[in-house]
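We count residues from 1, following the sequence as given.
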Amino acid sequence: MGIGAGIFLIAVGAIFAFAVDANLGWLNVNVVGWVLMLVGLVSLLLTLHFWNTRRRTVVATPVRTDRVVADRVVPAQDDRVVREEYREVRRPGYPA
């Protein structure tokens, strides 16, 4: 479900268990509140458990020394040669 859904179920269950004083003949609202709080707590614990186990997974990769690294190739556009331009900008008042 997720952390947000677990906290939401706990909050709604607490409202039903402690704040609502309704008397329905076929439904006990206090028991519904306790059940929702229990389901929310289980959901929260399961979510935290799965998040922690997912973070601990480490895959060891062997170090390869036989890789060849090539320079990046810049495609030419319209048969024009593009060169880097270096421009030095000086603030006014500073010596040259």
Side-chain angles (χ1 to χ4, degrees):
M1 270 193 207
I3 295 174
I7 292 173
F8 177 75
L9 286 176
I10 292 171
V12 170
I15 291 171
F16 280 155
F18 304 121
V20 175
D21 190 20
N23 189 7
L24 302 174
W26 54 276
L27 181 67
N28 190 348
V29 179
N30 292 334
V31 173
V32 171
W34 283 102
V35 169
L36 284 175
M37 283 194 296
L38 181 66
V39 169
L41 182 65
V42 169
S43 168
L44 188 64
L45 292 175
L46 282 174
T47 301
L48 291 176
H49 172 71
F50 285 124
W51 274 91
N52 285 335
T53 56
R54 192 171 84 181
R55 289 183 186 170
R56 278 190 222 140
T57 304
V58 176
V59 178
T61 56
V63 178
R64 296 182 61 190
T65 57
D66 59 344
R67 289 186 183 174
V68 177
V69 179
D71 291 335
R72 292 193 325 188
V73 177
V74 179
Q77 297 176 356
D78 301 330
D79 296 330
R80 290 183 289 162
V81 177
V82 179
R83 297 185 182 152
E84 265 188 56
E85 180 180 326
Y86 176 75
R87 184 180 298 176
E88 185 175 337
V89 179
R90 296 184 183 176
R91 293 185 199 158
Y94 282 91

Interatomic distance, N30 atom CG to D21 atom CG [nearest 0.5 angstrom]: 7.5 Å

Between atom CG of L41 and atom CG of L36, what is the distance when rounded to the nearest 0.5 Å? 12.5 Å

Kindly give the heavy-atom pair with the smallest separation between F16 and V32, and that separation in Å. CD1-CG1, 4.2 Å

Any side-chain to backbone donor/acceptor pair from S43 onto V39? Under 3.5 Å, distance only. no

Write down the atom of G13, the atom of M37, and the distance for their closest heavy-atom approach. C-CG, 3.5 Å

